[in-house]
Structures are given as C-alpha cells and as structure tokens.
Amino acid sequence: MEVLKTAPKRVMAVTPHPDDCEGGCGGALAKWVKESGTVASVVMCTNGNKGTKDREMSPERLAATRQVEQRNASGLVGITDVVFLGHPDGGLEDTELFRSQVTREIRRFKPDLLLCIDPYRSTTHTHRDHRKSGQVALDAAFTYAWSYQHFPEQITEEGLEPHRVEQALLWGSEDPDVFVDISRYLDVKVDSLGAHASQMSSTREERLERVKRHSGGHKELTGLDYAEGFRRITFNLGSLEWQLLHT
Ligand SMILES: [Zn+2]
C-alpha cells in the first residue's frame, strides 16, 4: 500500500460516461491541478445518451446536455482539455476505430500517467462500457501508442509521434494499492458531480455524505480521513526494447 505523495506533470483520464471520472478520480485530479500545476485531460468515450429515466428526453438532446455538463464539471476540477469521442452509450466496442482514437489522444496529449476504470473486476459486475473503456485505454497505452507500427498514418499524416506512458492508475478497483489524500477536495468532487445535473436526484448534502462514506472507507489502512484508491499498473517498458528488437 502506498499513499501517493507525488503528482504527474500530465495526466489523461479515459472515462466511459460523463460523471464517471469525477466519481472515480475527481478529487485526485483537482488536488494535482491545484497543488502541483498538473495539466489534465479527459477523454470521454461515449455521449451518455441513454442516461435518463425521462421518456420524453430524446437521445440527441440528452447527449448535448451531458456534453455541456461535462465541460462544467471538468472546469470545476481544473481540467483544461476535454475530448468527446461520441460513441453511443452502451455501445462501446473494442474496435480498431476506438483503439485508434484513444491512441491518437495519448500521442497528442503525451500524458505521463493514465487514469481509467479497472476492467478486471472478478467478484463484482460493472457496466459494459466501463470494461471496454478500461481495456482499450490500457491497450492503447501499452502497446499501441509507443509503436510506429500501429496506426502509422497518425505519424506520417497527422504529425504525431509515438508516446510511452509509464503508469496507469485504475479507479473502481477491487484491490486498490495506491491512495491519494483528497481530504481538502471533497467540495470540488461533490460540486463536479453536481454539475452533471441530468444525472443527479440527490441533494448536495446527500452527495457529500456519499462521497465521505466512500472515500472514508480506507482510513484504517491509510490513516487518511478521505482518499481515492487506485490499482497501479506499471508498464514493463524494459520488455519493450526486447519487443522492438523482435517484431
Ligand atoms: Zn458509467
């Protein structure tokens, strides 16, 4: 177990639906941006156009609303770079198009840390889009983004360069081993969740209580009043040299 004391210079969160990122890592992102000058990017994989119980709401209107809400939420966290890939809600697939899009964003933004949802839960189920987005984000970071051989047109025609991400932190993990103290950022987290107004039926007070309950659950292990927990994956860059020589 580690309480993370350092901050990335550039961090990219690949997230399936509007509001997932704020719930999973909004506190850590806000902390890094405000305390360490981290530059943060969010890649929104779907347009969230199924996220309503309102039968009068059209998918098109909901998608437009959720894009505005995501921009507002990202603004509160301090995220300056928001990308909408626009895949249909519930329709995320591990396709060449999706892999190329995430690879392009990694090559363009050049993060040193990737954040995404843990796609490898074994005892609990999660939304299909969550699994797909986590898997493709990890695959794009290792190995697509670093290799000239993958999506070479991004390099020859778009002027991008291969980029190596060294680490990923996965939120929503059953086995978090890295924790970030978000005690001073509960308000930012709660307000950024509240910015997704179309998804919220709770009051601000109820949201604050929920965030406190969730982020306070690691106190015994970490000594932190409120923390976001992640599972760390360190990409084995050493083996890349071997792979490059043998492919
Ligand atoms: Zn979601």
Side-chain angles (χ1 to χ4, degrees), residues 11-30 40-54 57 59-77 79 82-95 98-99 101-102 105 114-141 168-176 182 188-202 206-207 210-211 213-215 217 228-231:
V11 60
M12 172 175 281
V14 178
T15 185
H17 308 117
D19 81 8
D20 285 323
C21 156
E22 288 75 19
C25 57
L29 286 170
S41 172
V42 165
V43 177
M44 180 60 55
C45 299
T46 77
N47 57 19
N49 69 355
K50 305 281 197 305
T52 185
K53 293 174 185 160
D54 179 0
M57 173 67 81
E60 294 77 18
R61 197 151 53 87
L62 182 59
T65 298
R66 298 196 74 180
Q67 195 168 119
V68 172
E69 291 173 348
Q70 184 60 52
R71 287 193 192 284
N72 291 340
S74 296
L76 290 171
V77 174
I79 297 163
V82 186
V83 176
F84 296 92
L85 299 183
H87 290 273
D89 193 343
L92 212 49
E93 296 291 348
D94 184 349
T95 61
F98 184 29
R99 292 193 296 275
Q101 289 173 324
V102 179
E105 294 310 318
L114 178 75
L115 297 173
C116 63
I117 289 188
D118 191 338
Y120 303 116
R121 293 190 195 184
S122 59
T123 60
T124 52
H125 188 66
T126 186
H127 195 293
R128 175 182 172 83
D129 291 341
H130 290 203
R131 298 195 305 279
K132 298 292 179 188
S133 70
Q135 182 71 66
V136 166
L138 292 171
D139 287 341
L169 292 181
L170 313 185
W171 78 80
S173 177
E174 292 169 333
D175 307 302
I182 63 161
V188 179
K189 185 175 173 92
V190 169
D191 288 340
S192 67
L193 283 166
H196 296 279
S198 68
Q199 306 301 298
M200 297 294 149
S201 54
S202 55
E206 288 167 341
R207 283 195 292 280
R210 199 166 58 233
V211 165
R213 199 166 52 245
H214 189 249
S215 61
E228 285 173 347
F230 304 91
R231 186 160 70 85

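One is the number of the first residue; the rest follow in order along the sequence. Every number for a ligand or one of its atoms is a count from 1 in the order of the listing. Remember, it's a predicted structure, so these values are computed and weren't measured experimentally. Keep in mind that the numbers below use all heavy atoms, side chains included, and drop hydrogens, waters and symmetry copies.
Nearest N/O/S atom of His17 with respect to the Zn ion (ligand 1) is recorded as ND1. Distances from the Zn ion (ligand 1) to the N/O/S atoms of Asp20 are shortest for OD2.
Of all heavy-atom pairs spanning Cys45 and Leu85, the tightest one is O-CB, 3.7 Å.
The aromatic rings of His130 and His17 lie tilted to each other, with the angle between the two planes from 30° to 60°.
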Just do the side-chain contact (heavy atoms from CB on, under 4.5 Å) check on Arg210 and Arg207 with the steps written out, would you?
CA-CA 5 Å; Arg210 199 166 58 233; Arg207 283 195 292 280; 3.7 Å; yes
What verdict does the side-chain contact (heavy atoms from CB on, under 4.5 Å) test give for Glu174 and Asp118, after you've listed the backbone C-alpha separation in whole Å, the side-chain angles of each residue and the deciding distance to 0.1 Å?
CA-CA 8 Å; Glu174 292 169 333; Asp118 191 338; over 6 Å; no
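Taking backbone and side-chain atoms together, His127 has no N/O/S atom less than 2.8 Å away from the Zn ion (ligand 1).
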